[in-house]
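Notes follow the structure.
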Amino acid sequence: MSDSNKITLASFNTNYQPTWCPGCGDFGIWTALKMALVDLQIPTHQLAIVYGIGCGGNMASTIKCYGFHSLHGRTLPVALGIKLANKNLTVIAITGDGDQYSEGTNHLIHLARYNANLTLIVCNNQLFSLTTGQTSPTSDQGIISKTTPKGEVKQPLNPLALSLISGATFVARGAAFEIQQLKELIKKAIMHQGFAHLDVLQQCVTFNKINTVDWYKEKIYSLEQAKHPTSDFKMAIEKSQEHAKLPLGIFYQTQKPTYEKEITNVPIVFDFKKALAEFI
Ligand SMILES: Cc1ncc(C[n+]2csc(CCOP(=O)(O)OP(=O)(O)O)c2C)c(N)n1
Ligand code: SF4
Ligand SMILES: [Mg+2]
């Protein structure tokens with residue numbers, strides 16, 4: 001590749017800058033993602049990113065590529081449609097915890113089951129932040145927020161366990177403040193042939209005064225350093241249940257045929273042209 005074709009961080013620049021609060025974890029995710037795209041040398045015309053509605057989704061228009069700022073909860077079906085229309089594109093969906101694990105939960109389950117070759121990155125700040133800090137499905141019990149003035153009573157959803165039991169072939173967790181590790185996880189998720197779910201612990205410095213970077217740093221540890229076997233499904237389930245400590249890295253990775261490959265192997269059972277001719 002000649003130097004003029006080389007993809008650099010500047011290749012992804014647009015005329016827009018993010019408007020997140022200073023110190024927001026979304027800056028770390030945005031940076032790690034662009035660094036991963038550079039390392040993988042993915043050209044802007046071969047990349048489509050679909051964004052959810054939330055603070056993380058406001059990354060839309062700050063990365064040069066095909067972009068689609070979709071509906072709250074509906075990022076994955078849009079991403080799947082793009083992938084089916086053009087299998088050669090690298091397709092990434094970026095959503096928030098409120099978006100993906102609330103209105104979008106059904107799509108998460110079915111995309112994991114389909115195993116379409118997509119990457120899902122969830123900016124998980126354990127709150128609905130764009131709407132000024134209500135509890136989300138991943139908020140811890142006891143959290144006081146505008147919607148839970150006496151503390152959250154509901155048990156949090158476990159998104160990684162949900163993906164695992166739904167059939168996802170790549171399940172991982174990163175952190176917005178561990179940028180080098182996050183970059184490597186994003187690269188592995190993109191290179192994975194199948195549905196890759198990457199949950200990212202993300203500080204919201206404005207509304208989440210409990211799950212701060214210091215709070216997370218007390219709890220995180222590396223699965224790689226702990227020599228976690230990523231092909232062991234039962235161990236992955238066990239690791240996904242840990243709450244006192246928070247493992248970072250790949251929980252599980254396996255290979256299955258992708259959805260888009262499988263459906264091209266299936267003969268067309270409904271011949272629209274023939275049906276139309278008969279109808280006329
Ligand atoms: C269909 C629909 N439902 C609800 C909303 C309102 N809404 C916009 S952003 C948001 C919260 C987003 O939370 P999350 O996905 O966690 O992203 P964050 O802002 O925390 O990054 C909600 C409920 C909407 N815009 N559209
Ligand atoms: S409200 Fe929270 S998540 Fe949203 S931009 Fe500010 S710090 Fe980031
Ligand atoms: Mg959120």
Side-chain angles (χ1 to χ4, degrees), residues 16-34 49-63 67-79 81 92-111 118-148 152 154-160 162-163 173-179 182 186 197-217 246:
Y16 299 92
Q17 287 296 318
T19 54
W20 300 308
C21 313
C24 174
D26 285 331
F27 283 106
I29 301 172
W30 183 61
T31 306
L33 172 59
K34 289 194 291 178
I49 307 185
V50 185
Y51 304 88
I53 305 299
C55 290
N58 284 346
M59 209 178 285
S61 72
T62 66
I63 301 180
F68 195 114
H69 206 168
S70 69
L71 289 175
H72 191 68
R74 310 299 167 212
T75 313
L76 283 176
V78 175
I92 300 173
I94 299 183
T95 62
D97 49 312
D99 183 327
Q100 195 58 65
Y101 304 145
S102 191
E103 286 190 57
T105 329
N106 53 343
H107 301 303
L108 175 65
I109 294 168
H110 294 294
L111 258 292
L118 306 171
T119 299
L120 167 67
I121 299 173
V122 183
C123 310
N124 184 355
N125 53 20
Q126 301 185 237
L127 281 183
F128 289 99
S129 286
L130 189 75
T131 44
T132 69
Q134 298 80 13
T135 49
S136 85
T138 51
S139 300
D140 289 324
Q141 275 178 313
I143 292 282
I144 291 175
S145 76
K146 287 180 183 165
T147 43
T148 55
E152 174 60 279
K154 298 186 288 298
Q155 187 178 304
L157 181 95
N158 185 329
L160 299 185
L162 181 64
S163 255
R173 184 195 280 135
F177 45 87
E178 296 287 340
I179 294 180
L182 183 58
I186 294 173
H197 175 188
L198 176 58
D199 184 74
V200 184
L201 306 175
Q202 179 232 322
Q203 73 273 22
C204 167
V205 292
T206 301
F207 294 112
N208 195 332
K209 305 292 185 191
I210 305 289
N211 310 113
T212 60
V213 172
D214 287 344
W215 185 91
Y216 281 124
K217 281 195 169 168
L246 293 170

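We count ligands from 1, going down the list as the structure has it; atoms in each ligand are counted the same way.
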Please evaluate residues Met59 and Trp20 with respect to the criterion side chain to side chain contact (heavy atoms under 4.5 Å, CB included), reporting the C-alpha separation (whole Å), side-chain torsions for both, the decisive distance (0.1 Å), and the verdict. CA-CA 9 Å; Met59 209 178 285; Trp20 300 308; 3.8 Å; yes

Give, for atom CZ of Phe207 and atom OG of Ser145, the distance between the pair rounded to the nearest 0.5 Å. 11.0 Å

Ranked by distance from atom 4 (Fe) of ligand 2, the top protein heavy atom is Cys55 SG, 2.4 Å

Nearest non-hydrogen protein atom to atom 2 (Fe) of ligand 2, with distance, is Cys204 SG, 2.3 Å

Could you tell me whether Lys34 sits above the aromatic face of Trp30, with NZ or CZ closer than 6.0 angstrom to the six-membered ring centre and within 45 degrees of the axis? yes

Taking side chain to side chain contact (heavy atoms under 4.5 Å, CB included) as the criterion, tell me which of Leu201, Thr138, Leu157 meets it with Asp97. Thr138

At a 4.0 Å threshold, what atoms of ligand 2 neighbour a non-hydrogen atom of Cys24? 3 (S), 5 (S), 7 (S), 8 (Fe)

Atom 7 (N) of ligand 1: closest protein heavy atom, distance to 0.1 Å, is Thr131 CG2, 3.7 Å

What's the verdict on side chain to side chain contact (heavy atoms under 4.5 Å, CB included) for Asn211 and Leu127, showing C-alpha distance, side-chain angles and the deciding distance? CA-CA 10 Å; Asn211 310 113; Leu127 281 183; over 6 Å; no

Can you find a side-chain donor-acceptor pair between Thr95 and Gln100 that sits under 3.5 Å? yes

May I ask you to list the atoms of ligand 2 that are less than 4.0 angstrom from any heavy atom of Val205? 7 (S)

Where ligand 1 meets Asp99 - atom numbers and elements under 4.0 angstrom, heavy-atom basis: 14 (P), 15 (O)

Considering only the protein, which heavy-atom contact is closest to atom 24 (C) of ligand 1, and what is its distance? His72 CB, 3.8 Å

for atom 21 (O) of ligand 1, nearest protein heavy atom and its distance come out as Cys55 N, 3.1 Å

With heavy atoms under 4.0 Å as the rule, classify the contact between Asn125 and ligand 2 as side chain, backbone, both or neither. side chain

Can an N, O or S atom be found in Cys21 less than 2.8 Å away from atom 6 (Fe) of ligand 2? yes

Looking only at protein heavy atoms, which one is nearest to atom 11 (C) of ligand 1, and what is the separation? Phe128 CD2, 3.1 Å

Note: Cys24 and Gln202 closest approach over all heavy atoms is SG-NE2, 3.6 Å

Please state which part of Gln202 comes within less than 4.0 Å of ligand 2, counting heavy atoms only: side chain, backbone, both or neither. side chain

Which atoms of ligand 2 have any heavy atom of Phe207 under 4.0 Å away? 1 (S)

From CG (Leu162) to OH (Tyr101), nearest 0.5 Å: 9.0 Å

Near Asn125, which atoms of ligand 1 are under 4.0 Å from a heavy atom of that residue? 18 (P), 20 (O), 21 (O)

Can you tell me how far CH2 of Trp215 sits from CG of Asn208, rounded to the nearest 0.5 angstrom? 8.5 Å

Taking the minimum heavy-atom distance to atom 1 (C) of ligand 1, which of Gln202, Gln126, Glu103 ranks first? Glu103

Check this for me - ligand 1, Asp26, N or O atoms closer than 3.5 angstrom, yes or no? no

Note: ligand 1 atoms sitting under 4.0 Å from heavy atoms of Gly56 are 21 (O)

Give the C-alpha distance, both sets of side-chain angles, the deciding distance and a yes or no for side chain to side chain contact (heavy atoms under 4.5 Å, CB included) between Leu120 and Leu111. CA-CA 10 Å; Leu120 167 67; Leu111 258 292; over 6 Å; no

Check for me whether Leu71 has a heavy atom closer than 4.0 Å to any atom of ligand 1. no

List every atom of ligand 2 that sits less than 4.0 Å from any heavy atom of Thr206, numbering the atoms from 1 in the order shown and giving each element. 6 (Fe), 7 (S)

Starting from atom 17 (O) of ligand 1, which protein heavy atom do you reach first, and at what distance in Å? Gly54 CA, 3.6 Å

the protein heavy atom lying closest to atom 25 (N) of ligand 1 turns out to be Ile53 CG2, 3.8 Å

of all protein heavy atoms, closest to atom 14 (P) of ligand 1 is Gly98 N, 3.5 Å

For the 3.5 Å polar cut-off, considering only N or O atoms, please tell me whether Cys123 and ligand 1 meet it. no

Look up atom SG in Cys123 and atom CG in Asp99, then write down how far apart they are to the nearest 0.5 Å. 9.5 Å

Given the options Leu76, Thr75, Leu118, Val50 meets side chain to side chain contact (heavy atoms under 4.5 Å, CB included) only with Thr75

Determine the sole option in Asp199, Ile49, Ile186 for which the side chain to side chain contact (heavy atoms under 4.5 Å, CB included) test with Ile121 is passed. Ile186

Look at the rings of Tyr51 and His69 and say which category their plane angle falls in: under 30° parallel, 30 to 60° tilted, over 60° perpendicular. perpendicular

